[in-house]
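Okay, structure first, notes after.
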Amino acid sequence: MFEKSIKELAEGLRQGEFSSQELTKAYLDRIDQYNGNLNAYITVAHEQALADARAADEKIAAGPANIWTGIPFAHKDIFCTEGLLTSCGSKMLSNFVPPYDATVATNFKQAGAVCLGKANMDEFAMGGSNENSFYGPAINPWSTDTSLVPGGSSGGSAVAVAARLAPAATGTDTGGSIRQPAAFCGLTGLKPTYGRVSRYGMVAFASSLDQGGPMARSAEDAAAMLQVMAGYDAKDSTSVKQAVPNYSMHLNQDLKGLRIGLPVEYFNKHLNAAMQKVLEDAIKLFEARGAVCKEISLPHTELAVPAYYVIAPAEASANLSRFDGVRYGYRCDDPQDLMDMYMRSRSEGFGTEVKRRIMVGAYALSAGYYDAYYRKAQQVRRLIKNDFMTAFETVDVILGPTTPSPAFGLGEKGDDPVQMYLEDIYTISANLAGLPALSAPAGTIDGLPVGMQLIGNYFDEARLLAIAHQFQAETNWHTQAPKTELTGL
Amino acid sequence: MSISPEDIQKIAKLSHLQLEKDKTEKLGQDINNILSFVDQLQAADTSNIEPMAHPMDAEQILRADIVSEHDQREKLAKNAPAIEDGLFLVPRVIE
Amino acid sequence: MKWETVIGLEVHVQLATKSKIFSGSSTTFGAEPNTQANAVDLALPGTLPVPNEQAFRYATMFGLAIDAKINRRSVFERKNYFYPDLPKGYQTTQLDAPIVGSGIVQIQLSNGRTKDIRIHHAHLEEDAGKSLHEDYHGMSGIDLNRAGTPLIEIVSEPDMHTAEEAVEFAKALHSIVTSLGICDGQMSQGSMRFDVNISVRPEGSDTLGTRTETKNLNSFRFMERAIALEVERQIDLIEDGGRVIQETRLYDGEKDTARSMRSKEEANDYRYFPCPDLLPVVLDDSFIDAARAAMPELPKDRKNRFIDNLGLNDYDAGILAASAELSALFESANKVADNAKLCANWVIGELSARLNSDNVNLEDKGFTGDMLGLLVLRIKDGTVSSSGARRVFDILWEGEHADVDAIIETQGLKQVSDTGALEAIVDEVLASMTAQITQYREADDKKRKKLMGGFMGPLMKASKGQGNPKLFNEILQKKLNG
């Protein structure tokens, strides 16, 4: 049951093989048993999930239902869920029960899906290891001798899906936060085109970069998820009014003649040899299917991480000003006066990385530095986008690694933030340009999963999913499960 | 570009964050590291490049002037740290 | 030394939209605290703004009214600062690309001259909530009903040099926005609020002195007083060897004093940057043309029409045209009476005086243009004398009765215009005034005019005030000169 795809689960429910209540209960039992090891969930919605499953069973019995009706899944704890704690991995929101649903949450509800709970994450989505969670780190289920990070910020979502504590989960990606944990945990993760998925009710980190997306065990499951998540939302001014294709129907579109770009800036001397081998194997497979590979250049790649670490903190510094202890969220004990309330609520409520980024952002925007930092970074951002636009004149998709290496150990990156930031080197450009990008399992290094990244042109999610799907039809990297003590699989 | 301890204090104040004494130095170091890292940007030739605020270069869709939201005070008050007579209470505001 | 005052204004105008600038909450004034503040207004996590089209239409209308350039592309920015009534920790406003560019507002001064005040720009932004300082166990209460109400902030050039000019400028803006119907103009409810930048410099100097900003003045009278106080303070300070420091000041209307707002003194660095939750707003020709077509007549156009079509003088036309309400009343009165000058006199004189002294709104009074028109008509056709008409006006004004003719009748204010009856009265009165008649007949023309008054008094008395003075005058002339 825990290895079934979304489609197979939906069929099982319709055939009466199992009920949604049985399915949901089975997942809740696994969560109860293994979440202690993995810390994938911050909140488990036992009662609500079973109630929703009961309603789904009635709906299925009554007649035709959505493919998602009765299917359990997990939300990253960044999506507001009415009546269910939404902490965003922060002490600041450790008491926040939203009075409304994020649009993405509404979409899943309307489809009849069953939310199992809220997945762990780096505080306010700031981090690439899940070590920045107020609720403690989630643990990579592939860990054996030492504890490995699952990646971040959507670490809990990745752990939940990889460890079979949920069939699929939502994530968000500002600089790689879906793709990097997907790669570290052996999952398929997709960051859609900026504006494809509504950001309404998704706690903001960096508004012009944030995008919600699916984290699943296959491209096929990811397509089913994106179908629910995508679409224009009048409540989000930055969401795009463009028809949503039927992603599942496009999964088998022919790869013959597909033009794949290989950026020289990714395939250079810095690339880990084992990673290079993994990618070359994938390239051979695509070429065998009639794809044409071509060297391209994205000359401003090196500037992506620096530009990101100006823009994202700048936007975050303003986005996180609303956490002031006045209307909701954490307020310090016994404030002496107004300023004391602000200062202590924010200092006690936010973790170190969040405070660091708020301050970097405030600095980049402050008088005298705006042009040198913020404006400059926004100009570089356009250069990066232009690189991609030039590339897409001659190729359909760009292939490269998702991460420099497989999952690293807990605490391994030390406390130098810049070292941690460089982990995002391959993923960040797609966020800056607003392009869709997908990570799919493409092999292992030292027994640990690694991903290949496919970056597409705007609104070309269907193509990315099709390429990954057909890769998965001929490989079994994506079906491997972490059979470790941590998961009991 | 290097940032002085005074600048750190100034930014902390602007951000309404309180610095713990023993962590100020490390924080200053971290922020300096980050700033010298992002200083790579200065090397880029960006003359005549329009800053990109937004990936799509799209235009805003405006909303019709309709009152679509009604009193939700009770529901919204549930998360409030301190509330009385429907007002959010804060330590005295001095103008 | 002689000093010159330099004044610039920043005016916040609440736009009369039904819903807020970025959310679907109502903007109605006076609701219970926080009943008109939804998740977006409270800046709950994940909520996003969606701009209100009507706010853009209203701002466009204002821009067109002051002959300003409408920026086809405007951008919202975040202005970052912490305040309990500012839920997001930043105000969404416009900086580099405001919707309205530079324009001109003409003001009329009491010396009969007009002056052009330049507008630097006007931008759209959101209002903040309110901090209520009544004692809640030593705490303040935050009401966010007002948070997100659309504002245009109008920024003038420092073109004013006296309190009168500043007040006339404020009144002219009030007149424009209320005529356009884009603001209800209710100053006591904060619908228009004025920040006044004031500096002084030695007369003849062309460098500006250090300015102070007196914030949130919400009446013309307070504005006048606050300026007078501040100018005096600055001059005294400099003459005593002191120096004006740039600061924000708060004027207390009740105590007629002002003080420095220390809380705003901390050097603020607002860290403006384009709001990433909103896209640039692009207005096309059809939007602007439609806004123009929807604009009611503007004060300056109305004034010209009153002069050209109705023959009013410049001064009367200016005063009437400045008020949409008085103009409407005047026009409906004139429709009935067909005597623009007389109608204008009544509106500018009696009616305005009563509005001021009673401190009321026309709308609440139930006094209509038709009433005034009929009254003027009755003066014109001789039914009632001017003094009688004043009595009728009083009754109409107090709302005791609404029918002009009935009031004239029941109050016995109808003039006697029957020449036969009047002639009899004249004969009777003259019979007892032989000495005065002789004196009159011996006098020269100039003196005669004066002496006429001596006969009118007794005649009006004899007719119990109801004799038509014009007819009395004619009969008297005939008899005395005859």
Side-chain angles (χ1 to χ4, degrees), chain A residues 95-97 99 194-195 208 234 237-238 240-241 300 302-303 306-307 309-310 317 321 324-329 331 335-344 346-347 350 355-356 358-360 362-363 366 372-373 375-383 385 416-418 421 432-435 458, chain B residues 1 3 7-8 10-20 23 26-31 33-58 60-63 72 74-83 88-94:
Chain A
N95 58 2
F96 179 65
V97 180
Y194 183 80
S208 77
S237 297
T238 61
V240 179
K241 230 175 191 169
H300 295 95
E302 222 182 332
L303 295 177
Y309 279 96
V310 170
S317 72
S321 291
D324 57 7
V326 175
R327 302 163 309 284
Y328 54 83
R331 179 188 286 194
Q336 298 306 299
D337 55 31
L338 186 63
M339 189 53 87
D340 185 50
M341 183 198 74
Y342 275 127
M343 294 287 223
R344 280 205 290 129
R346 289 170 59 78
S347 302
F350 291 139
K355 284 187 266 195
R356 199 151 49 203
I358 289 174
M359 290 185 58
V360 168
Y363 187 72
S366 63
Y373 287 115
R375 192 182 147 86
K376 187 80 181 178
Q378 292 287 51
Q379 288 174 312
V380 167
R381 188 175 183 182
R382 189 172 295 280
L383 293 176
K385 174 184 169 171
D416 177 5
V418 174
Y421 295 173
L432 290 171
L435 294 165
Y458 294 116
Chain B
M1 213 173 295
I3 179 168
D7 283 341
I8 295 276
K10 201 187 100 191
I11 304 169
K13 201 167 176 203
L14 272 180
S15 310
H16 279 28
L17 291 170
Q18 202 166 47
L19 299 177
E20 293 162 61
K23 287 187 180 167
K26 166 82 172 90
L27 185 67
Q29 211 173 19
D30 288 345
I31 291 177
N33 285 348
I34 295 167
L35 291 174
S36 58
F37 171 68
V38 302
D39 265 344
Q40 291 176 67
L41 291 172
Q42 306 313 325
D45 179 6
T46 51
S47 40
N48 301 318
I49 299 293
E50 184 68 17
M52 176 174 150
H54 220 276
M56 290 309 154
D57 291 321
Q60 179 67 46
I61 297 173
L62 300 172
R63 168 179 65 82
Q72 301 159 33
E74 209 172 313
K75 204 166 134 183
L76 296 174
K78 284 185 184 149
N79 281 296
I83 196 152
F88 299 105
L89 298 191
V90 297
R92 204 150 185 77
V93 177
I94 299 156

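Letters go in sequence order (proteins before strands), and every chain restarts at 1. Note that the coordinates shown come from a computational prediction; the quantities given were computed from them, not determined experimentally.
Looking only at side-chain heavy atoms (C-beta outward), A/Val97 and B/Lys78 stay at 4.5 Å or farther from each other. The closest side-chain heavy-atom distance from A/Tyr373 to B/Leu35 is below 4.5 Å.
Heavy atoms closer than 4.5 Å to chain B are found nowhere in A/Asp324, neither backbone nor side chain. Residue contact with chain B, scored on non-hydrogen atoms closer than 4.5 Å, involves the side chain of A/Arg331 exclusively. Heavy atoms of B/Lys26 lying under 4.5 Å from chain A belong exclusively to its side chain. Looking at B/Ile8, both its backbone and its side chain come within 4.5 Å of chain A, counting heavy atoms on both sides. Both the backbone and the side chain of A/Pro99 come within contact range of chain B, judged by heavy atoms closer than 4.5 Å. Heavy atoms of B/Leu27 lying under 4.5 Å from chain A belong exclusively to its side chain.
Interface check for chain B: of the options A/Leu303, A/Leu432, A/Val310, the most heavy-atom pairs under 4.5 Å are formed by A/Leu303. Interface summary for chain A: among B/Leu41, B/Ile11, B/Asp7, the most heavy-atom pairs under 4.5 angstrom belong to B/Leu41. Chain A forms more heavy-atom pairs under 4.5 Å with one residue of B/Ala80, B/Ala58, B/Ala77 than with any other, namely B/Ala80. Highest contact tally toward chain A, considering only B/Asn33, B/Ile34, B/Val90, B/Ile61, is held by B/Ile34 [criterion: heavy-atom pairs under 4.5 Å]. Annotation: maximal heavy-atom pairing with chain A below 4.5 Å, among B/Ala53, B/Pro55, B/Ala44, occurs at B/Pro55.
One finds no salt bridge joining A/Lys376 and B/Asp39 here, because no Lys/Arg side-chain nitrogen approaches an Asp/Glu carboxylate oxygen to under 4.0 Å. At a threshold of 4.0 Å, the pair A/Lys355-B/Asp30 does not count as salt-bridged, since none of the basic side-chain nitrogens sits closer than that to a carboxylate oxygen.
Annotation: the span from A/Arg382 atom CZ to B/Met52 atom CE amounts to 6.5 Å, rounded to 0.5 Å. Here A/Tyr342 contributes atom OH and B/Ser15 contributes atom OG; the two are 13.5 Å apart, rounded to the nearest 0.5 Å. Distance check, rounded to the nearest 0.5 Å: CD1 of A/Ile358 to NE2 of B/His16 gives 12.0 Å. Once rounded to the nearest 0.5 Å, the distance linking OG of A/Ser237 with CD of B/Gln60 reads 4.0 Å. In this structure, the separation between CZ on A/Arg327 and CD1 on B/Ile83 is 11.0 Å, given to the nearest 0.5 Å. B/Thr46 contributes atom OG1, which lies 8.0 Å from atom CZ of A/Arg375 (distance to the nearest 0.5 angstrom).
Closest of all the heavy-atom pairs between A/Gly434 and B/Met56 is O-CE, 4.2 Å.
Listed for the A/Gln379 side chain is no donor-acceptor partner under 3.5 Å among the backbone atoms of B/Glu50.
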